[in-house]
Amino acid sequence: MAASYIIHTPENVKYVRISGTTNYRELEALFYEYVRDPEFRPDMRILADLREMTDAVAGLLEILRLKKLYQYAYRDAVGAVDVVIVAKKGIAYRAARTFKLFMFDRKPLNILITQDLGHAQEILGLSSYMLAQMQQETAATKAPSLKLVP
């Protein structure tokens, strides 16, 4: 798995990018890394880019564990947190839909799935420059769970 994230505090957004094959253990490690990041806040909006994800290996129990992690991390959020997942059709789209279905009862998370990064940018109100900068910084590494400082 190549996964990375960047927190951009002025925009109040966390950009997560996952490519290749991923599994629960790797997603859990990435989750704990950004939750422990001093810049993380529970009201931070999320842009998850899964367009390059080729496979996700997780069973029902692992998905439920991931749900509990999110419930814990976002329990202090005031109001709804926008989560926009960009995923093409196929495994990434099915993984995004599964995540959305399992999180349906979590009011703090407002999850939207789109196939178009431009649509995600519009939903979150990100400038083209900011989005390009986040993509460039997360693409600069292939190391799992590496936080890049802007």
Peer 1: Would you please name every residue forming a side-chain contact (heavy atoms from CB on, under 4.5 Å) with Tyr72, sequence neighbours left out?
Peer 2: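 Applying side-chain contact (heavy atoms from CB on, under 4.5 Å) to Tyr72 gives Arg75.
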Peer 1: Excluding sequence neighbours, so at least two apart, what forms salt bridge (Lys or Arg N to Asp or Glu O under 4.0 Å) with Arg41?
Peer 2: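 Once residues adjacent in sequence are excluded, the partners of Arg41 under the salt bridge (Lys or Arg N to Asp or Glu O under 4.0 Å) criterion are Asp43.
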Peer 1: I want to check something: taking the side chain as every heavy atom from C-beta on, are Ile113 and Arg97 in contact at a cut-off of under 4.5 Å?
Peer 2: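 Sidechains of Arg97 and Ile113: in contact.
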Peer 1: Applying ring pair (Phe, Tyr, Trp, His ring centres under 6.0 Å), name anything that partners Tyr93, two or more places apart in sequence or on another chain.
Peer 2: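 Here no residue qualifies.
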Peer 1: Mind running side chain to side chain contact (heavy atoms under 4.5 Å, CB included) on Glu33 and Tyr5 for me, showing each step along the way?
Peer 2: CA-CA 9 Å; Glu33 187 168 329; Tyr5 78 96; 3.9 Å; yes
Peer 1: Would Leu66 and Ile63 count as a side chain to side chain contact (heavy atoms under 4.5 Å, CB included) if you check the C-alpha gap in whole Å, the side-chain angles of each, and the deciding distance to 0.1 Å?
Peer 2: CA-CA 5 Å; Leu66 192 60; Ile63 293 169; 5.6 Å; no
Peer 1: Before you tell me yes or no, could you show the steps for Arg17 and Glu52 under side chain to side chain contact (heavy atoms under 4.5 Å, CB included), namely the whole-Å CA-CA distance, both residues' side-chain angles and the distance that decides it to 0.1 Å?
Peer 2: CA-CA 8 Å; Arg17 183 175 177 180; Glu52 296 177 7; 3.2 Å; yes
Peer 1: Sequence neighbours left out, what passes ring pair (Phe, Tyr, Trp, His ring centres under 6.0 Å) with Tyr32? Give chain and number order.
Peer 2: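 Tyr32 satisfies ring pair (Phe, Tyr, Trp, His ring centres under 6.0 Å) with no other residue.
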Peer 1: Are the side chains of Leu50 and Ile85 in touch, meaning some heavy atoms are under 4.5 Å apart?
Peer 2: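 Heavy-atom side-chain distance check passes, below 4.5 Å.
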Peer 1: Does any non-hydrogen side-chain atom of Ile46 lie less than 4.5 Å from one of Val13?
Peer 2: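 A side-chain contact under 4.5 Å is absent here.
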Peer 1: Considering only residues two or more places apart or on different chains, which pairs with a residue in residues 78-92 satisfy side chain to side chain donor-acceptor pair (under 3.5 Å)?
Peer 2: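 Counting only pairs at least two positions apart or across chains, the side chain to side chain donor-acceptor pair (under 3.5 Å) contacts touching residues 78-92 are Asp82-Asn110.
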Peer 1: Within the structure provided, determine whether Met53 and Ser19 are in side-chain contact (heavy-atom separation under 4.5 Å).
Peer 2: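 Answer no - side chains too far apart.
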Peer 1: Can you list the residues that meet the side chain to side chain donor-acceptor pair (under 3.5 Å) rule with Thr98, with sequence neighbours excluded?
Peer 2: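 Partners of Thr98 by the side chain to side chain donor-acceptor pair (under 3.5 Å) criterion come out as none, since no residue qualifies.
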Peer 1: Restricting to side-chain contact (heavy atoms from CB on, under 4.5 Å), what partner residues turn up for Ile91, sequence neighbours left out?
Peer 2: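 Scan of Ile91 (side-chain contact (heavy atoms from CB on, under 4.5 Å), adjacent residues dropped) gives Asp55, Arg94.
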Peer 1: Any side-chain heavy atom of Val16 within less than 4.5 Å of one from Leu47?
Peer 2: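 Heavy-atom side-chain distance check fails, nothing below 4.5 Å.
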Peer 1: Could I get the full list of ring pair (Phe, Tyr, Trp, His ring centres under 6.0 Å) partners for Phe99, not counting sequence neighbours?
Peer 2: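 Ring pair (Phe, Tyr, Trp, His ring centres under 6.0 Å) check on Phe99 returns Tyr70.
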Peer 1: Working note: Arg45 + Lys14, criterion side chain to side chain contact (heavy atoms under 4.5 Å, CB included); need CA distance, chi angles, decisive distance, verdict.
Peer 2: CA-CA 6 Å; Arg45 302 172 306 149; Lys14 176 182 62 177; over 6 Å; no
Peer 1: State whether the side chain of Thr9 and the backbone N or O of Asn12 hold a donor-acceptor pair below 3.5 Å, judged by distance alone.
Peer 2: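 Side chain of Thr9 to backbone of Asn12, a donor-acceptor pair under 3.5 Å: no, none is there.
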Peer 1: State which residues pass side chain to side chain donor-acceptor pair (under 3.5 Å) with Arg65; sequence neighbours excluded, sorted by chain then number.
Peer 2: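 If we apply the side chain to side chain donor-acceptor pair (under 3.5 Å) test to Arg65, skipping adjacent residues, there are no hits.
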Peer 1: Sequence neighbours left out, cut at 3.5 Å: what donor-acceptor pairs do the side chains of residues 115-126 make with other protein atoms?
Peer 2:
unit_1	atom_1	unit_2	atom_2	d
Asp116	OD1	Gly118	N	3.2
Asp116	OD2	His119	N	3.4
His119	ND1	Thr114	OG1	3.1
Gln121	NE2	Leu126	O	3.1
Gln121	NE2	Ser128	OG	3.0

Peer 1: Does some side-chain heavy atom of Met44 sit less than 4.5 Å from a side-chain heavy atom of Glu39?
Peer 2: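 No - every pair of side-chain heavy atoms lies 4.5 Å or more apart.
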Peer 1: Would you say the side-chain atoms of Lys67 pair up with the backbone N or O of Met103, donor to acceptor, closer than 3.5 Å?
Peer 2: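 The answer is no, because no donor-acceptor pair under 3.5 Å joins these two groups.
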